[in-house]
Amino acid sequence: MLTRIGCTRAFGLRYASTAASPAAMTWDRFLAVRSMRRRINLGSSAAMAVVGSSVAWSYAQDIELDPTKTFMGVDMLYVMLGGIIASGAAAFVIFGPLVGQAIFRCTYLLRSQTRAEFLAKENTFLQHIKKNRVDPRYQSMSNPVPDYYGEKIRSVADYRRWLKDCKAYNRKASTFVI
């Protein structure tokens, strides 16, 4: 007589109450998702820079300028232009990553299991990066630091290349071949 467990093993059947176990996130998939997060953050930063500059521009349009007045010896038009550029840069740096992270969480990390797997892999990955990163005190023009935070690692092959670069850097730094 076949039991419930015996049926699932023998015939590959699955009951409605049992869910198929999803495959664990591989390192290649994790690194692809991580690079997707980086692209989302960069795109949202660019969009926020445009929005910040547009808001500053709309504010600057309403101000009447007196051509005889200056601000610390600089023409007010240049000061206004600097303010518009500064607000765009501030929006790029501050609000872009905030919006990008929110978009990434809503689109990809909505499922709790995917989120837990991604966060566990990210924690493990960052521990590997922290353990294998180089000491930047010995950098020079001929011996630059290889990607200190590991931001440009997009595949397992890139990770292996990063490890080789770190070992070469440490070898050059320890033998003073700079």
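Residue numbers run from 1 in the order of the sequence given.
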Practice task
Can you measure from CD1 (Ile129) to NZ (Lys131) and round to the nearest 0.5 angstrom?
Solution key: 10.5 Å
Problem - Note: Glu122-Arg37 ion pair, threshold 4.0 Å (strictly below) - result: yes
Exercise for the section: Would you mind reporting whether Pro146 and Val134 have side-chain heavy atoms less than 4.5 Å apart? Expected result: yes
Practice task
Please examine the side chains of Phe125 and Ile153, heavy atoms only from C-beta on, and report whether any two atoms are closer than 4.5 Å.
Solution key: yes
Problem - Contact summary for Tyr108 and Met25, nearest pair of heavy atoms - result: OH-CE, 3.3 Å
Fill in the blank from the handout: Here the pair of heavy atoms bringing Asp147 nearest to Lys152 is OD2-N, 2.9 Å
Exercise for the section: Could you tell me which non-hydrogen atom of Gly52 sits nearest to which non-hydrogen atom of Ala91, and how far apart they are? Expected result: CA-CB, 4.0 Å
Practice task
Indicate, with yes or no, if Ile85 and Phe92 share a hydrophobic cluster defined by side-chain heavy-atom contacts under 4.5 Å among Ile, Leu, Val, Met, Phe, Trp and Tyr.
Solution key: no
Exercise for the section: Give the minimum heavy-atom separation between Met48 and Val99, together with the two atoms involved. Expected result: SD-CG2, 4.0 Å
Handout entry: Shared hydrophobic cluster, Met36 / Val156 (ILVMFWY, side-chain heavy atoms < 4.5 Å)
Key = yes
Fill in the blank from the handout: Value for OH (Tyr149) from NZ (Lys130), rounded to nearest 0.5 Å, stands at 11.5 Å
Practice task
Could you tell me the separation between the OG atom of Ser155 and the CZ atom of Phe30, rounded to the nearest 0.5 Å?
Solution key: 13.0 Å
Completion exercise
Distance col, row Arg39:CZ vs Phe104:CZ, nearest 0.5 angstrom, shows 11.0 Å
Handout entry: Minimum heavy-atom distance between Ile84 and Ala60, given as atom pair plus value
Key = CD1-CB, 4.1 Å
Handout entry: Plane angle bin for Trp27 and His128 - parallel if under 30°, tilted between 30 and 60°, otherwise perpendicular
Key = perpendicular
Exercise for the section: Any chance you could measure Asp158, atom CG, to Leu31, atom CG, to the nearest 0.5 Å? Expected result: 8.0 Å
Exercise for the section: Output the distance between atom OH (Tyr159) and atom NZ (Lys164), rounded to the nearest 0.5 Å. Expected result: 13.0 Å
Handout entry: Close side-chain approach of Arg34 and Lys121, heavy atoms under 4.5 Å
Key = no
Practice task
Give a yes or no on this: more than 12 heavy atoms of other residues, nucleotides or ligands lie within 6.0 Å of atom CZ of Phe95.
Solution key: no
